[in-house]
Each structure stands twice: as structure tokens, then as C-alpha cells.
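Shown next, in C-alpha cells, is the structure this report addresses.
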Amino acid sequence: MKILPLITASAIWAKAWPILIAIIFFGLLIFFHELGHFAFAKLFKVKVNEFAMGMGPALFKFRKGETQYSLRLLPIGGYCAMEGEDDKGTEELSERAFCRQKAWKRFIIVAAGGIINLIMGIIIVAIMLCVSKDLIGTNVIHSFDENAVSNQYGLQAGDRFLEINGRRVLSDYDISYFMSTDDDGVFDFVVERKGEKVELNDVKFKTEEIEIDGKKHTTIIYDFIIVGVDKSFKTVFTTTFRQSLSYARLVYMSLFDLLRGTYKVSDLSGPIGTVDVIADMAEDSVSRMDYTYLLTLLALIAINIGLFNLLPLPALDGGRLLFIFIEMIFRKPVPRKFEAWVHAAGMVLLLALMAFVCFSDIWKIIKG
């Protein structure tokens, strides 16, 4: 008879804590997102009926003043329910209803959630730079490997990258991203050399074929080293700003790549897949005692969620902002029924996409 090994509490915890870290992080993103809406609603004297973490039946709730605070069963979101949020023009509502506020106030309240997530991402970038054991990277070449191919095609030590294949370089992250997503290892650079702009076309790098999940991929051999600078208030501040811009731009670049067909919808990851990636990264970071990559991932996610929510798409905060912006231009609100129909249709499409992405995430995890 085969005796199964006992599963100890420590073994369970070893598997559970990385997932718990990921869930807590998402919970914080949602909490501060809704807190942004809540704080500005309160600032503008808008009546908030409920501030909730999670969805579904309430596990715990209490009332303080006019607002009910609740923790709900399903950890898949949250909401800040303001009076009159979806009932424009209803005379029974008080003057403190959301729909009765001036357009600029409503615009700020709706935008606050996504902006808070962006601020969270920027703070995480600053923390990452401060705790990293490495110097702060720049976009300047320090030196080359022996017999470096790119050096033979025109790159020189001291060159500052300005553009790679027509895309502006904001930080050292852009260098690695633009080059790692290229197919043939041939680049057009614009660099600053001794104070002048120099165009370098068809600069080649050595490449090699590797196999990942049964598929062959071309990887580029980086044959140069970039300049690193010591940490100071100035270098951390400026690099935080530039690197955050790189992450923000990556969101829109990925969206355009998706629309162009560079990536498939099946390549997207939803909450399940993201939690799995964060959990793996957390476990790896602890084992190596280096949290740089984990913090980079968390910053990317925070900025991604903030910007995605601000996209002018139905059912998102950005869709609501678009209607408020139209109202501000024409001095007249969009008909309530039309706006409600647009958001309802957008919600159906968004839920369908989320269902597909979650199923895809589960399938990827099962396949290993």
C-alpha cells in the first residue's frame, strides 16, 4: 500500500503566501481606486450611499453618518455608490446628488480613481529604484563586449539613445523593451554623440534561436553595457518620472499592437493570470532577495489599470468622462437613456472579454 506524504502547514503556507500577496495587491489597487472617487465626492459634498470592497452579499457592514461601509463576499472589485449617479434629471433627488453637480466636479470625481492608481504606480517605481541593489540605469552606452557586432555597425561608447526604430527613448527600460520585441535584430537608431544628433540605420546585433513552450523564438544578444549612476534625490526623481512615462506609453503601444494583430486576444491576461504571475514573481524575489522585478511588475500593473480605466470606452471611467467632456463642450448633457444604453452595451462586451480572458488564464495554468 502506498502511503501519501502528509501535507504540512508550512508546505501549504509556502504555496499560499505568494497568491495571498497578489490578492492583497489587487485589493489595495481597488481600495485606493474607489477611495479616490470617495474622497473627492466627500470633498464636493456629494452624498455617498455606500463604499464597498468586493461584490455580492455583504460579509460585514456598518453605517457612519449617511454612508454605509461594507466588505462583500466576492473579491473581484468594489464600488463607491453616490446618490444620483445613474439618474440624471430625477427631481426627487437632493441637491447633493452626483447628477446635480457641475460638470467639472463630476469629471474630477470620476477621474480620481484612475489617477490614484497612476500615482500608486509612480510611488512603486520610486520604491523600486530606492531598494534596488544596482545603480540607476541611463540611456547612455558605457562600453561594449569584445568583438561586439553593434559596435562594428556604428554604435559607440558615450552614445545616448534618443530613438529606436522611430520610437523615442524615455528611459533605459525602453531600450530593453524595444530591442527585446524586435524580430530580426536590425535597428535604426538616433543617438546623441558629442552634442549632435546622429542617425544610424541598419545597425545589426547577433541573434540566436531559443525554444520556449515548443516554439522557436529569436533573441537578441545585447553586446553593450549602459552607464549607471548613483542614487540621489535628483536621479531617483527624474528616473521615476521618465520610467513611469515609459510604462504608461507601453499600455497604449500594447493596445495598438493588439489592434494591428501583432498580439492575439488569447495573449491577454486577466486577474487570474496576473495573480499567477505576481505569485511566481513574489516567490522568486524572496528566494533571490531581490525585489526589483516584482516591484517593476506591480508598477506596470498599477499604471496599466489606471490608464485602462481612463480609456474612453463604454462602462469604464473613461467612457463616463467622455460623456461629461461632451457635456462641458456643448453645455448640454447627453440624453440619459442613450448614455445608459452605451454603458450597458459596453459592460456586456467587457464582461464577455473578461470571461474569455479568465478561461484562457485557467487553461494556460492547467497546461503548465
Side-chain angles (χ1 to χ4, degrees), residues 21 24-25 28-29 32 36 114-145 148 150-151 155-165 167-181 187 189-198 200 220 222-253 278 281-282 284-307:
I21 290 293
I24 290 173
F25 175 70
L28 289 173
L29 285 180
F32 282 105
I115 291 173
I116 290 293
N117 287 146
L118 292 177
I119 293 173
M120 288 181 67
I122 293 170
I123 292 173
I124 294 172
V125 172
I127 294 172
M128 174 201 66
L129 293 173
C130 290
V131 303
S132 174
K133 301 174 184 177
D134 300 324
L135 297 174
I136 292 179
T138 67
N139 57 342
V140 178
I141 297 177
H142 176 271
S143 57
F144 292 87
D145 297 340
S150 65
N151 186 216
L155 282 178
Q156 296 181 13
D159 284 351
R160 179 184 300 274
F161 290 105
L162 301 179
E163 294 181 13
I164 298 178
N165 287 343
R167 293 173 168 175
R168 186 181 175 189
V169 175
L170 300 175
S171 67
D172 63 308
Y173 180 83
D174 289 334
I175 300 173
S176 60
Y177 178 77
F178 293 156
M179 295 183 65
S180 65
T181 54
F187 300 89
F189 294 112
V190 176
V191 300
E192 180 183 321
R193 181 180 295 169
K194 296 180 180 179
E196 295 183 357
K197 283 187 178 181
V198 178
L200 302 171
I220 296 166
Y222 297 93
D223 55 13
F224 61 83
I225 301 171
I226 61 173
V227 173
V229 295
D230 292 325
K231 297 182 181 69
S232 67
F233 178 82
K234 180 181 178 181
T235 56
V236 170
F237 181 83
T238 56
T239 306
T240 295
F241 178 73
R242 295 174 71 89
Q243 199 141 317
S244 297
L245 283 178
S246 293
Y247 294 166
R249 184 175 58 173
L250 179 61
V251 175
Y252 293 104
M253 287 169 50
I278 294 175
M281 190 69 74
D284 182 62
S285 296
V286 170
S287 65
R288 293 188 295 108
M289 295 300 292
D290 183 357
Y291 300 92
T292 303
Y293 293 112
L294 174 62
L295 290 170
T296 299
L297 177 63
L298 298 183
L300 273 167
I301 293 170
I303 292 173
N304 188 303
I305 289 176
L307 284 178

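Numbers here simply count residues along the sequence, with the first being 1.
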For the residue pair [X] and [Y], establish whether any side-chain heavy-atom pair is separated by less than 4.5 Å.
X: R242; Y: L245; value: no
X: V236; Y: C130; value: yes
X: V191; Y: R160; value: no
X: L200; Y: L155; value: yes
X: T138; Y: V229; value: yes
X: N304; Y: V251; value: yes
X: V169; Y: E163; value: no
X: F224; Y: I226; value: yes

Could you report the tightest heavy-atom contact between [X] and [Y], atom names first, then the distance?
X: L295; Y: I124; answer: O-CG2, 3.3 Å
X: V125; Y: A299; answer: CG2-CB, 3.6 Å
X: A302; Y: L29; answer: CB-CD2, 3.7 Å
X: K231; Y: L129; answer: CE-O, 2.6 Å
X: I116; Y: F32; answer: CG2-O, 3.3 Å

Would you check if the side chain of [X] reaches a backbone N or O of [Y] as a donor-acceptor pair within less than 3.5 Å?
X: T235; Y: S232; answer: yes
X: K133; Y: T292; answer: no
X: D223; Y: S150; answer: yes
X: S132; Y: M128; answer: no
X: D159; Y: Q156; answer: yes

How many angstroms lie between [atom1] in [X] and [atom2] in [Y], if you round to the nearest 0.5 Å?
X: L297; Y: Y247; atom1: CG; atom2: OH; value: 9.5 Å
X: F233; Y: T238; atom1: CZ; atom2: OG1; value: 9.5 Å
X: F144; Y: I141; atom1: CZ; atom2: CD1; value: 4.0 Å
X: S244; Y: I119; atom1: OG; atom2: CD1; value: 11.0 Å
X: L298; Y: F25; atom1: CG; atom2: CZ; value: 4.5 Å
X: L250; Y: L307; atom1: CG; atom2: CG; value: 10.5 Å

For atom OH of Y252, is the number of surrounding heavy atoms from other residues, nucleotides or ligands below 6.0 Å larger than 12?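 It does: Y252 OH has more than 12 such atoms within range.
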Aromatic ring pairing Y177/Y173, orientation class (parallel under 30°, perpendicular over 60°, tilted between):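 Y177 and Y173: parallel rings.
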Could you tell me how the ring of F161 sits relative to the ring of F189: parallel (under 30°), tilted (30 to 60°) or perpendicular (over 60°)?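 Tilted.
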Identify, with sequence neighbours excluded, every residue that meets side chain to side chain donor-acceptor pair (under 3.5 Å) alongside R168.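 In terms of side chain to side chain donor-acceptor pair (under 3.5 Å), with neighbours along the sequence ignored, R168 is linked to no residue.
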Among all residues two or more places apart in sequence or in another chain, which pass the side chain to side chain donor-acceptor pair (under 3.5 Å) test with D174?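 Once residues adjacent in sequence are excluded, the partners of D174 under the side chain to side chain donor-acceptor pair (under 3.5 Å) criterion are S246, R249.
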